[in-house]
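Order of appearance sets the numbers: ligands from 1, and atoms from 1 within every ligand.
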Amino acid sequence: MFARSVLKRSFSLLGGAQRAKLPDLPYGYGDLAPALTADILEIHHGKHHAKYVKDYNGVLEQFEAAASKGDHQTVADLGRHLRFHAGGHVNHSLYWENLAPANKEGGDLPAKDSELSKLVHQHFGNFEKFFLEFESVAAKIQGSGWGWLAYCPKTNTLSIEQSKDQSCVTSYGVRPLITVDVWEHAYYLQYKNERPAYLKKIWEVINWKTAERRLKEAKGHGKPKENEGRPV
Ligand code: MN3
């Protein structure tokens with residue numbers, strides 16, 4: 001405990017921001033088969049996600065060094081790299097968390113009387129229609145990006161969103177409930193260029209429990225703070 005607090009203090013004395021860390025998957029590499037094979041998971045998590053973490057930490061170090069020297073030009077230049085690699089880390093973490101093996105909650109839809117289920121029915125008609133609409137939107141993302149089921153706390157509405165490269169849907173002012181990686185590395189080894197086939201299969205391993213938890217958190221997030229918006 002003592003060593004850890006000393007370490008923590010020395011970091012803050014150096015002005016060091018917290019480094020990113022590759023999260024462990026909450027399941028084994030082979031556990032999402034047949035929707036996603038073990039080799040896809042192993043490379044996607046162990047190589048691609050790991051590289052975003054490594055690159056984010058590397059750029060962060062340069063960023064801090066430049067900032068501490070007052071080199072604002074370099075800070076400005078590094079900003080977009082920082083955003084890209086941080087986005088890669090955040091988006092992949094969200095993705096792993098909203099997947100689960102089919103024999104452990106993967107694909108199990110929320111209870112009919114749950115808030116999320118009611119919202120899906122209200123916005124899309126039913127889950128089948130939602131799946132089709134999501135597949136269509138995510139299949140059309142040009143190049144690399146992410147498909148999202150998002151929730152807007154202000155309007156209490158769901159939407160299906162696209163984001164390019166490693167940008168996150170939070171930049172649109174909505175909260176992520178489900179995200180699906182549509183970069184080729186997410187499916188190519190198994191589905192080749194058939195992104196729609198990957199999207200059709202992904203529902204078998206979507207963890208709706210995670211989406212329900214995120215909805216709950218988003219609702220908390222959207223609550224006005226005390227006195228907010230009221231005349232003082
Ligand atoms: Mn990816």
Please step through side chain to side chain donor-acceptor pair (under 3.5 Å) for the pair Gln73 and Asp77, ending with a clear verdict. CA-CA 6 Å; Gln73 177 67 62; Asp77 293 345; 3.1 Å; yes
Has His185 got an N, O or S atom lying less than 2.8 Å from the Mn ion (ligand 1)?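 It does: His185 brings an N, O or S atom closer than 2.8 Å to the Mn ion (ligand 1).
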Geometry at the Mn ion (ligand 1) - His44 NE2 versus His92 NE2 angle, rounded to 10 degrees: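 The two atoms form an angle at the metal of about 90°.
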Passes side-chain contact (heavy atoms from CB on, under 4.5 Å), Val182 versus Trp146? Steps please. CA-CA 5 Å; Val182 297; Trp146 297 77; 5.8 Å; no
Is the His92 ring parallel, tilted or perpendicular to the Tyr95 ring (thresholds 30°, 60°)?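 Perpendicular, since the angle between the ring planes exceeds 60°.
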Name, closest N/O/S atom of Asp181 to the Mn ion (ligand 1):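 For Asp181, the N, O or S atom at the smallest distance from the Mn ion (ligand 1) is OD2.
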Under 6.0 Å between ring centres, would you say that holds for His44 and Trp96?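 Centroid distance His44-Trp96: below 6.0 Å, so yes.
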